[in-house]
Engineer: 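Shown below is the structure under consideration.
Lettering of chains follows the sequences in order, A, B, ..., and the numbering in each one begins at 1. Computed from a predicted structure; not experimentally measured.
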Amino acid sequence: MTDKPAKSNKPQKLKARLPRGLADRGPAEIAATRDMVEKIRLQFERYGFEPVETPAIEYTDALGKFLPDQDRPNEGVFSFQDDDEQWLSLRYDLTAPLARYVAERIGTEHITLPYRSYRFGWVFRNEKPGPGRFRQFMQFDADTVGAPTIAADAEMCMLAADTMEVLGIPRGSYVVKVNNRKVLDGLMEGIGIGGEENAKRRLMVLRAIDKLDRLGVTGVRQLLGSGRWDGGEPGKGDFTAGALLSDEQIGLVLRQLTPADDEPLLGVSGEIWYPDGDTNKPGWDLRNTGLDELQQIESLVATAGYTRDRIRIDQSVVRGLEYYTGPVYEVELTFEISDEKGRPVRFGSVGGGGRYDGLVSRFRGEPTPATGFSIGVSRLQAALTALGKIASKPAPGPVVVTVFDRDRIADYQRMVTNLRNAGIRAELYLGNPKNFGNQMKYADRRGSPCAVIQGGDEKAKGEVQIKDLILGAEIAGLSKERDDYLKKQAEAQFAVKEGELVEAVRKLLARHGIA
RNA sequence: GCAGGUGUAGCUCAGUUGGUUAGAGCGCUGGUCUGUGGAACCAGAGGUCGGUGGUUCAAGUCCACCCACCUGUACCA
């Protein structure tokens, strides 16, 4: 009857697992994040921004244009219904919630325009995760609301560049790319795809342009025209439909990026490229306004001393968000990043932003200009970690006071208390004290700088032993020059009077540069 | 979503043309070891072979479907 009773009777173990795109974070990562956030915060405050926080949850309609789809309520954003059936969503960026915050307060004494504020926190996107792409990640964001001047945009670019450098990314290893949506919008109107009926097509054109750095002129040309096979040749891989522009239209779009196919990409070189020719097309005014604004930004940042290796006009920058109405910026790391197997990894942009003149005014009758910039803290941290620029080593552990004599736990605990009262991280060994070697092993794994030991012999002399575990580790690794070895050995463990314990530990920590 | 690839212990991987009870290294736990961590030796725990179904006397191995992960691509308000 029962062939394999043992198997079926075994209780099914619950599998411990984490949903994809989410990450647990240990002490080293937390320390790195805290460090980055603090550096960014100081820089943002230096620019005159003040802190403001909003919750992680908003009414769905406050975040974007759409209510969740009946079939796919969580497409892109995590959404759910409140008790009263109203739709709520987890925020997917910090800009839209700020727009809501400001719109609620304009005209009160709580806000003085132009209003400058910053915030950081977790944001959520329900998308396919990848390297540097998470479903929960941290952003650090600054916005200026109520300033129509292009100087506000130029300042965001400078802030972006400065912040990269305070984070330890050297000049030349990052670049802030700037473009203007007005250029692209005017251009598209000019080639005859303006108007509501062409909205979808314009989106395809923007997406195609955005892929210039990845797919090159050839790929963009295919996407603007009949479409592209992702295997590289017809029939290979998956087919991406194109925007079906005519050759003439494609030519005009590409000419905004480069004078001719085999010419260098003038539009992304930092120059502002005004293709000449027909200047009477509808939309050309808008395009030229955009180009003039770019010229102003270029001039503002150059006068402030920001060279083109830091902030550069790049007319292929699009940014995904549809609410951008003017200048857009994107921060990229310019070095190659490889994963642990040596394969190159694309991390995408580590920051971005732009002008969103419509986002606050959605809540109000009157127009309210605004511009902002966000750093993708999580992605930047992932990139820096992949580069080995962030120490994966956790901070030093606490001093461990070992238990030699079980009957004297109270004495040991008092030593711990004394150390703690002196501001030194310390703990009593709480495991089974039977095997003293295990206590050392424990202290070692905790990353303790030193262990405190008091056995019967020391107690009789009114002393304690302090064992320097960091030095000890060095000795164990060294080739044994006898004299040197003995000298270090003596340094690595020494006795002090009971009353001098705190001072001796403090000195030892100082010697190793531990606060 | 689409295309391709990969799934064997916590990790890195072996596992023959289908053939007994699925292995190694590292890691982990305990011991040698109530006077000292990173060494050595000994012992032990840990696997629904990603899942389900099928072919077969017999499946980790062959077939189908599903799932997860990786890469590319698409989407990303």
Side-chain angles (χ1 to χ4, degrees), chain A residues 4 6-8 10-13 15-21 60-69 72 75-77 79 89 91-93 95-96 124-131 133 135 203-204 207-208 210-211 214-215 219 223 227-232 235-241 318-324 339-341 343-346 348 356 358-359 362 400 402-407 429 432-448 450-459 465-478 489 492-493:
Chain A
K4 305 172 182 174
K7 205 170 197 176
S8 52
K10 212 172 180 178
Q12 184 84 348
K13 268 186 295 183
K15 190 166 183 186
R17 63 206 184 106
L18 186 66
R20 64 183 180 156
T60 300
D61 57 7
L63 289 181
K65 313 180 293 239
F66 310 118
L67 280 175
D69 201 305
R72 304 188 292 179
E75 183 72 7
V77 290
S79 303
S89 293
R91 62 187 176 190
Y92 55 79
D93 69 14
T95 308
F124 306 84
R125 293 189 192 177
N126 194 3
E127 293 165 3
K128 182 185 160 185
R133 299 180 61 133
R135 295 205 294 175
L203 204 56
M204 292 179 92
R207 285 174 190 156
D210 195 38
K211 296 183 176 86
R214 207 148 41 84
L215 305 179
L223 287 172
R228 176 178 182 273
W229 291 91
D230 70 24
K236 270 266 180 114
D238 195 23
F239 182 72
T240 308
V318 174
R319 304 283 308 154
L321 304 175
E322 282 186 70
Y323 53 63
Y324 289 127
D339 64 12
E340 63 278 2
K341 287 176 183 165
R343 295 174 299 204
V345 183
R346 276 185 180 280
Y356 50 96
L359 206 51
R362 281 188 311 136
V400 171
T402 56
V403 175
F404 219 101
D405 190 341
R406 288 168 201 253
D407 300 332
Y429 180 73
N432 186 346
K434 176 182 85 153
N435 184 341
F436 191 71
N438 283 348
Q439 302 197 42
M440 284 300 135
K441 232 182 235 178
Y442 172 81
D444 180 42
R445 286 179 198 181
R446 292 283 281 134
S448 302
C450 67
V452 174
I453 304 160
Q454 191 186 49
D457 299 349
E458 290 85 10
K459 177 67 184 164
Q465 292 275 343
I466 298 175
K467 178 164 178 138
D468 185 331
L469 295 169
I470 298 172
L471 201 55
E474 280 171 25
I475 291 170
L478 281 179
Q489 184 83 308
Q493 182 167 338

Engineer: My understanding is that only residues two or more places apart in sequence, or in another chain, count here; which of them pass salt bridge (charged side-chain N to carboxylate O under 4.0 Å, His left out) with A:R207?
Structural biologist: none
Engineer: Considering only atom P, compute the distance from B:U16 to B:G23 and round it to an integer number of Å.
Structural biologist: 14 Å
Engineer: Out of B:C76, B:U73, B:G37, which has the shortest distance to the side chain of A:M440?
Structural biologist: B:G37
Engineer: Within less than 4.0 Å of OP1 or OP2 of B:C76, is there a side-chain N or O belonging to A:R319?
Structural biologist: no
Engineer: Of the nucleotides B:G37, B:A74, B:C76, which one has an atom closest to the side chain of A:K441?
Structural biologist: B:G37
Engineer: How far does CH2 of A:W229 sit from CZ of A:F239, to the nearest 0.5 angstrom?
Structural biologist: 6.5 Å
Engineer: I'd like to know if A:K211 reaches the base of B:U73 with its side chain, counting only an N/O donor and acceptor under 3.5 Å.
Structural biologist: no
Engineer: Please evaluate residues A:L223 and A:T240 with respect to the criterion side-chain contact (heavy atoms from CB on, under 4.5 Å), reporting the C-alpha separation (whole Å), side-chain torsions for both, the decisive distance (0.1 Å), and the verdict.
Structural biologist: CA-CA 7 Å; A:L223 287 172; A:T240 308; 3.8 Å; yes
Engineer: Using heavy atoms to find the nearest nucleotide of RNA chain B for A:D444 and A:P131 separately, return the residue whose nucleotide is more 5′.
Structural biologist: A:D444
Engineer: Students often get this wrong, so: under 4.0 angstrom with heavy atoms, is A:R214 touching a base, only sugar-phosphate, or nothing?
Structural biologist: sugar-phosphate
Engineer: Indicate the atoms forming the closest heavy-atom contact of A:R133 with A:E127, along with that distance.
Structural biologist: NH2-OE1, 3.4 Å
Engineer: Specify the closest pair of heavy atoms between A:A96 and A:L359, including all atoms of both residues, with the distance to one decimal.
Structural biologist: CA-CD2, 4.1 Å
Engineer: For A:D457 and A:Q465, run side-chain contact (heavy atoms from CB on, under 4.5 Å): C-alpha distance rounded to whole Å, both residues' side-chain angles, the deciding distance at 0.1 Å, then the answer.
Structural biologist: CA-CA 10 Å; A:D457 299 349; A:Q465 292 275 343; over 6 Å; no
Engineer: Which nucleotide sits closest to the side chain of A:L215: B:U29, B:A74, B:U36?
Structural biologist: B:A74
Engineer: Using atom OH of A:Y442 as one end and atom C1' of B:U29 as the other, report the distance to the nearest whole Å.
Structural biologist: 17 Å
Engineer: Hey, does the side-chain of A:R20 have a donor or acceptor N/O within less than 3.5 Å of a partner on the base of B:C69?
Structural biologist: no
Engineer: For A:W229 and B:U73, what is the distance between atoms CH2 and P respectively, to the nearest whole Å?
Structural biologist: 16 Å
Engineer: Distance between the C1' atoms of B:U17 and B:U56, in whole angstroms?
Structural biologist: 16 Å
Engineer: Please round to the nearest 0.5 Å and tell me the distance separating atom CG of A:D405 and atom CD of A:Q454.
Structural biologist: 9.5 Å
Engineer: Quickly work out the A:D210 CG to B:C75 C1' distance and round it to whole Å.
Structural biologist: 12 Å
Engineer: For A:R133 and B:C76, is the shortest distance between a side-chain N/O and OP1 or OP2 below 4.0 Å?
Structural biologist: no
Engineer: Roughly, in whole Å, what's the span from OH in A:Y429 to C1' in B:G37?
Structural biologist: 12 Å
Engineer: Which nucleotide wins on minimum distance to the side chain of A:K128, given the candidates B:G37, B:C2, B:C76?
Structural biologist: B:C2
Engineer: Atom CZ in A:F436, atom OG1 in A:T402: separation rounded to 0.5 Å?
Structural biologist: 4.0 Å
Engineer: What stems show up for RNA chain B when you take Watson-Crick pairs (N1-N3 plus N6-O4 or O6-N4) and G-U wobbles (N1-O2, O6-N3), both under 3.5 Å, and require three or more consecutive pairs?
Structural biologist: B:1-7 with B:67-73, B:10-13 with B:23-26, B:28-32 with B:40-44, B:50-54 with B:62-66
Engineer: Would you measure the distance from the P atom in B:C42 across to the matching atom in B:U6 and give it in whole Å?
Structural biologist: 39 Å
Engineer: About how many Å separate CZ of A:F124 and CZ of A:R91, when rounded to the nearest 0.5 Å?
Structural biologist: 7.0 Å
Engineer: Indicate whether OP1 or OP2 belonging to B:G72 is found under 4.0 Å from a side-chain N or O atom of A:R228.
Structural biologist: no
Engineer: Atom CZ of A:R445 and atom P of B:U36: how far apart are they, to the nearest Å?
Structural biologist: 17 Å
Engineer: Any base atoms under 4.0 Å from A:P129, or only sugar-phosphate, or nothing? Heavy atoms, all strands.
Structural biologist: nothing
Engineer: For B:A64 versus B:G25, give the span between their P atoms, rounded off to a whole number of Å.
Structural biologist: 37 Å
Engineer: Using a cut-off of 4.0 Å between protein heavy atoms and nucleotide atoms, how would you tag nucleotides 30-35 of chain B 5' to 3' with B, S and -?
Structural biologist: -S-BSB
Engineer: Would you measure the distance from the C1' atom in B:A40 across to the matching atom in B:G4 and give it in whole Å?
Structural biologist: 49 Å
Engineer: Please round to the nearest 0.5 Å and tell me the distance separating atom CZ of A:R362 and atom OH of A:Y323.
Structural biologist: 9.5 Å
Engineer: Going through the checks in order, is the side-chain contact (heavy atoms from CB on, under 4.5 Å) test met by A:L471 and A:Q493?
Structural biologist: CA-CA 9 Å; A:L471 201 55; A:Q493 182 167 338; over 6 Å; no
Engineer: For the C1' atoms, the ones on B:U8 and on B:U48, what distance do you get once it is rounded to whole angstrom?
Structural biologist: 13 Å
Engineer: Distance check: side-chain N/O of A:R125 vs OP1/OP2 of B:A77, anything under 4.0 Å?
Structural biologist: no
Engineer: Which value, in whole Å, describes the distance between the C1' atoms of nucleotides B:U12 and B:G7?
Structural biologist: 14 Å
Engineer: Please state how far atom NZ in A:K467 lies from atom P in B:G37, giving the value in whole angstrom units.
Structural biologist: 6 Å
Engineer: For nucleotides B:U29 and B:U73, find the distance between their P atoms and express it as a whole number of Å.
Structural biologist: 43 Å
